[in-house]
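Reading through the structure tokens given below for one structure.
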Amino acid sequence: MNNNIYDILKERGFIAQVSDEDALRRMLGGNPITFYVGFDSTATSLHAGSLVPIMVMKHLQQAGHRPIAIVGGGTTMVGDPSGKTEMRKMLSEEAIRKNGQTIQAQLDRYLHFDGKKSLALDNADWLLPLNYVEFLREIGRHFSVNRMLAAEAYKMRLEKGLSFIEFNYQLLQSYDYLTLFQKYGCSLQMGGDDQWGNILAGTDLIRRVEGAKVEAMTFPLLTTASGAKMGKTAYGTIWLDSGLLKPYDFYQYWVNCDDLDVGRFLKLYTFLELAEIKELQALKGSDIRKAKQALAYEATSITHGEKAAKEAQASASTAFGTGEGKPGRDLEAMPATTISRERLTGGINPAELFTEVGLSSSRGEAKRLIKQGGLYVNDKQIRSLNQQLNEADLTPNGILLRAGKKKYHRIIVDL
RNA sequence: GGGCAGGUACCAAAGUGGACAAAUGGGGCGGGCUGUAAACCCGCAGCGGUAACGCUUCGGAGGUUCGAAUCCUUCCCUGCCCA
């Protein structure tokens, strides 16, 4: 009974709300359908938070359905107020366009757009040319302000203030769905659970305008067991772009996840069979690491490819493996800075150097870290504030700086 | 357009002439413990300085004062109520 992709998604924890469960299951179990997910163009790159929609899209694609990924070149111009406490900063048209292009390129790695069986579109294409009055007459009249105001998503904003531009977001997103329905026969829209209202508004609009019934589905908004948003950590955002975040660090993100999250994450972020996941989940105590490594490997492989995943795994096991001591972390993956030999000969204040390479944000902070024993040179703790770095600290690999337990930077000395 | 209440650090929120580089909570960071986890314990907290101390911060710009986050003027922004 579990051949239906809908059941699989459900079992893996991808589904928060659906418009009509039976209808959707029937649809997904039948002939190929076209579905879509919208991505905002607010950031320069996608991050781990977008992985859930991506995974769902891949699942459905593998089941034979046709994905459309919409980049929100038009909607981002307006800004979605749903669930937000404040109005978003206005981005320039130029920035939005660029973000959109990058994001499409990133999505392509997962979905392989070919313009036929898999589409990437930008809603700027149909949203920007709209004529205001015409739009109001044809689309606006279908929306009830009363109903919109009553929506949970706007509640917060009704207390803090909601500008008219944002209030229109829902109309635009609904219009997207309508357009895709008309042009591509798209009959399912998905998105984060905060999008529920917007998505339903779209299905309503299609019913009113076209008299057709289409479906809606949302994903749960995930947080880690400790309550943090997916994809944000102390070390920064977990970008999906290897230029912004090394595959090694991406791998580390998953290995470092909370014990309580492993099972859930395996189901969401890997394609491993549920049976296999069950086994991994059964691990206890420090064996849980194995489950985390499997998670990290699979997730990295999906995003950065098998080769990168293997490399990351290898580096990680050298760095943290069973062996004692501190052999080579991945020197290649480590950020590095080159300094001149003369400078080193003259002696360098460590606080200065750590700050310069970004391991601390100011000299004051660096000094504080030294006092607390949090800075290391070649894995030896810096003990005193007046300790200087010089040629004696130079190793064949340069000089290895470390702040805290996991943040490294390598200094290469120019000859 | 009118009335009222506000704008303080990453967020929330105290402070209403000197003891304020600014309470508290969350978050963050370092150390310890550990399994590259969680929980827990200890510590840190603008920038420069080993320190004494100096410099720059409380929406913006001016002003009063020996002294302003705190008082005055003005501008900008936000919320609530009325139109």
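Chain letters run A, B, ... following the sequence lines, proteins first, then strands; residues in each count from 1. What's counted below: heavy atoms across the whole structure, side chains too, no hydrogens, waters or symmetry copies.
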Nearest whole angstrom, please: distance from the P of B:U36 to the NZ of A:Lys290.
13 Å
Are side-chain N/O atoms of A:Asn99 and A:Ser41 paired as donor and acceptor at under 3.5 Å?
no
Please list each protein N or O that sits under 3.5 Å from an N or O in nucleotides 79-83 of chain B, with the distance.
{"unit_1": "B:G79", "atom_1": "OP1", "unit_2": "A:Lys160", "atom_2": "O", "d": "3.3"}
{"unit_1": "B:G79", "atom_1": "O3'", "unit_2": "A:Glu159", "atom_2": "O", "d": "3.1"}
{"unit_1": "B:C80", "atom_1": "OP1", "unit_2": "A:Leu158", "atom_2": "O", "d": "3.0"}

Can you see if the side chain of A:Lys371 gets near the phosphate of B:U50 - specifically, an N or O under 4.0 Å from OP1 or OP2?
no
Residues within residues 349-357 of chain A bordering RNA chain B, heavy-atom distance below 4.0 Å
none
Between the side chains of A:Gln313 and A:Tyr297, does any donor sit under 3.5 Å from an acceptor?
no
Determine the Euclidean distance between corresponding P atoms of B:G17 and B:G26; express it in Å to zero decimal places.
29 Å
Counting the benzene-type ring for Trp, do A:His59 and A:Phe271 have ring centres under 6.0 Å apart?
yes
If you check every side-chain atom of A:Ala316, which of B:U50, B:G35, B:U36 has the closest atom?
B:U36
Would A:Ser360 and A:Thr355 count as a side chain to side chain donor-acceptor pair (under 3.5 Å) here? Give the steps.
CA-CA 5 Å; A:Ser360 66; A:Thr355 307; 3.1 Å; yes
How close do A:Glu11 and A:Lys267 get, heavy atom to heavy atom, and via which atoms?
O-CD, 3.7 Å
Pair partner, B:A51 [Watson-Crick or wobble, under 3.5 Å]:
none
Nearest listed nucleotide, side chain of A:Arg363, among B:U50, B:G48, B:G35
B:G48
By the 4.0 Å heavy-atom rule, please label A:Tyr251 as base, sugar-phosphate, or nothing.
nothing
What is the base-pairing partner of B:C40, counting Watson-Crick and G-U wobble geometry with both distances under 3.5 Å?
B:G32
I'd like to check the side chain to side chain donor-acceptor pair (under 3.5 Å) partners of A:Thr300; sequence neighbours left out, ordered by chain and number.
none
N/O donor-acceptor pair, side chain A:Asp287 with base B:G35, under 3.5 angstrom:
no
What's the gap between B:A13 and B:U24 when it is taken at their C1' atoms, as a whole Å value?
8 Å
In whole Å, I'd like the distance from the OH atom of A:Tyr408 to the P atom of B:U36.
12 Å
Would you kindly give the CD-to-P distance between A:Gln372 and B:C41, to the nearest whole Å?
17 Å
Please give, in whole Å, the distance from B:A38 P to A:Phe265 CZ?
13 Å
Any donor-acceptor N/O pair, A:Asn256 side chain to A:Tyr253 backbone, under 3.5 Å
no
Name the pairing partner of B:G6, where a pair is Watson-Crick or G-U wobble with both distances under 3.5 Å, or state none.
B:C77
For A:Glu365 and B:G30, give me the distance from atom CD to atom C1', rounded to whole Å.
9 Å
Which residue pairs pass the ring-ring contact (aromatic ring centres under 6.0 Å, His included) test when at least one of the two sits in residues 366-404 of chain A, sequence neighbours left out?
none
I'd like the C1' distance from B:G59 over to B:G79, given in whole Å.
15 Å
Choosing from B:U50, B:C47, B:A38, which nucleotide comes nearest the side chain of A:Asp258?
B:A38
Which is true for A:Leu375 with a 4.0 Å heavy-atom rule: it touches a base, it touches only sugar-phosphate, or it touches nothing?
nothing
Can you measure A:Asp261 atom CG to B:A37 atom P for me and round it to whole angstrom units?
14 Å
For A:His65 and A:Phe35, take the angle between the two ring planes, folded into 0 to 90°, and tell me which bin it lands in: parallel under 30, tilted 30 to 60, perpendicular over 60.
perpendicular
With sugar-phosphate meaning primed atoms plus P, OP1 and OP2, does A:Asp259 contact a base, only sugar-phosphate, or nothing at under 4.0 Å between heavy atoms?
base
If you check every side-chain atom of A:Asn256, which of B:U50, B:A37, B:G35 has the closest atom?
B:A37
Going by side chain to side chain contact (heavy atoms under 4.5 Å, CB included), name the residues that satisfy it together with A:Thr395, two or more places apart in sequence or in a different chain.
A:Asn378, A:Asn397
Any strand counts, and the cut-off is 3.5 Å on both contacts for Watson-Crick or G-U wobble. Which nucleotide pairs with B:A12?
B:U24
Calculate the interatomic distance between A:Leu359 atom CG and B:G30 atom C1'; express it in whole Å.
13 Å
What residues, two or more places apart in sequence or in another chain, satisfy side chain to side chain contact (heavy atoms under 4.5 Å, CB included) together with A:Lys98?
A:Glu94
CD of A:Gln388 versus C1' of B:U50: gap in Å, rounded?
12 Å
